[in-house]
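Note that ligands are numbered from 1 as they come in the structure, with each ligand's atoms numbered from 1 the same way. Computed from a prediction, not measured in an experiment: that's the story for all the values here.
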Amino acid sequence: MNQLSIAPAIEQATPRVLVVDDEQAIRDILADFLSMEGYQVCTAENGSAALQELEKGHYDLVLSDLKMPVMGGLELLERLREAHLEAAMVLMTGFGTVESAIHAMKRGAFDYVLKPFKVEEVVHIVQRGIDQQRLRLENMQLKENLRHYQLAEALGGSVRLEEVLGMICDLVFKETDADGVSLVIEDPRAPGKYVVDTVRTRQDSVVAPEQLAPDVHELLARFLAQQPVLLNGAGAGRFLTTLKQPELVQSFMSVPLRVRNTPIGMLSAYRFKQGARFSEGQRKALAMLASRAAQAVDNARLFGNLQNTFRETIKGLAHALEAKDQYTAGHSERVTDYARVMTDGMTHLSPEQRELIVQAGVMHDIGKIGIRGEDLNKPDKLTQKEYQMFQSHPGYGKRILEPITFLHDIIPGVYYHHEMWDGTGYPEQLKGEDIPLMARVLSIADTYDAMCSNRAYRKALPHQIAVEELARCAGRQFDPMLIRVFLDNIDLLRERWRREGHWVPD
Ligand SMILES: [Fe+2]
């Protein structure tokens with residue numbers, strides 16, 4: 001069973017009963033009879049001693065007197081529930097205190113027996129209590145397994161780190177009654193440096209999300225010492241050094257995110273409503289969620305690293321390709337910059353869509369790897385055959401990227417960046433909006449850079465001539481709406497480049 005699980009293991013071994021009574025004679029009689037019936041029995045002389053015993057090991061049932069010095073049966077019952085110690089409770093009571101026993105049943109006791117009792121009657125109630133308790137535990141375990149499964153399903157559905165982190169916070173709200181959640185993650189590039197990565201609060205929260213930054217080092221020290229962090233009432237906000245009014249925190253719990261036994265962060269939950277408290281059970285539920293969450297964060301990071309490695313490799317290939325040729329050096333990077341300045345002006349696009357267009361810019365000519373270098377930039381006019389060969393580079397690019405699943409989304413940019421708005425481009429003579437948006441963007445960025453760069457067969461055109469040419473070809477070669485976007489935004493990039501001392505087309 002998972003060590004973070006809430007339900008204790010269901011042991012089908014000998015049932016364990018704890019007899020609690022301040023009268024030695026009653027303890028001895030019950031212990032003798034219950035042992036003869038096959039139970040494993042221990043005794044305690046009051047509620048307090050019973051609690052100590054219960055904390056040492058699992059009991060199926062507690063058979064307790066109602067009135068005892070130090071701690072009576074009712075208080076013992078409350079403390080059992082508070083500590084989430086799972087044991088059925090049967091109370092022994094005299095006629096005068098039956099009402100208290102009935103009250104105890106309302107508070108979760110299984111049953112009561114009246115003193116003086118017949119031992120057979122007690123044995124019968126004890127057996128029923130144990131049976132019911134075992135069913136309850138089985139039920140809890142089933143529910144818990146289901147929750148494990150649901151958590152794994154939910155978190156396993158994504159490999160994007162931000163999505164996973166957001167999902168973890170949503171799950172905390174769902175699994176606990178938190179008013180706020182914060183997720184602190186170690187910076188993988190700077191071991192030992194922890195940053196508050198994601199914070200969420202409910203809409204009616206009295207505390208602003210940016211104030212929920214727990215004291216990472218204090219918490220790590222607690223985790224290292226295996227001390228559970230669950231604070232209720234006054235002082236619950238003491239791990240929040242950045243909070244202006246720590247007294248607003250009514251309850252706080254925090255659990256580590258561990259990967260291969262090393263903490264990579266911590267998941268904390270907060271309650272702000274007056275008198276609101278997290279229970280130990282909720283802390284354990286949070287710990288269970290954190291163990292799943294840590295795996296999901298680790299997977300997302302590994303996947304992200306893999307993607308970056310792939311991207312860097314492809315970028316390296318694109319640069320290597322350009323390095324062979326003085327005329328195209330820096331081309332893909334500039335096309336990427338032009339594409340970025342255009343997407344910045346297209347506010348209706350999501351950040352993901354913009355990022356894809358920019359990435360496609362880096363790789364748009366990757367298919368030129370398949371074409372002989374001397375054919376790419378000869379000073380004379382290309383022969384028909386050479387031109388056909390040149391036109392095959394979008395197809396080569398597509399074939400290079402197809403085996404790399406996560407780069408599939410940029411293939412439309414690579415494959416269609418030589419299509420023309422009027423349907424006279426290649427490779428498929430797509431027309432108008434049938435040409436994917438990223439290809440229409442790249443076509444403009446690519447052509448502008450080509451016009452403003454020297455080629456073996458001609459000198460670079462000045463910026464003014466190039467933009468006039470683009471405007472002239474709007475609606476024929478290029479998407480007219482996107483030409484407007486380019487013309488509206490290109491000066492911003494030119495100004496920035498000038499400030500940065502970057503080369504700027506004349
Ligand atoms: Fe191209």
Task: Backbone N/O of F278 and side chain of N232: donor-acceptor pair under 3.5 Å - done: yes

Open item on the list: Regarding R476 and D422, does a basic nitrogen lie under 4.0 Å from an acidic carboxylate oxygen?
Closed with: no

Task: Min side-chain heavy-atom separation V184-P214 under 4.5 Å - done: yes

Task: the Fe ion (ligand 1): angle it makes with NE2 (H393) and NE2 (H418), nearest 10 degrees - done: 80°

Task: Closest D365 atom to the Fe ion (ligand 1) [N, O or S only] - done: OD1

TODO: Might you point out which heavy atoms bring Y270 and S182 nearest each other, and give the distance in Å?
DONE: OH-OG, 2.8 Å

Open item on the list: If I take every N, O or S atom of H417, is at least one of them less than 2.8 Å from the Fe ion (ligand 1)?
Closed with: yes

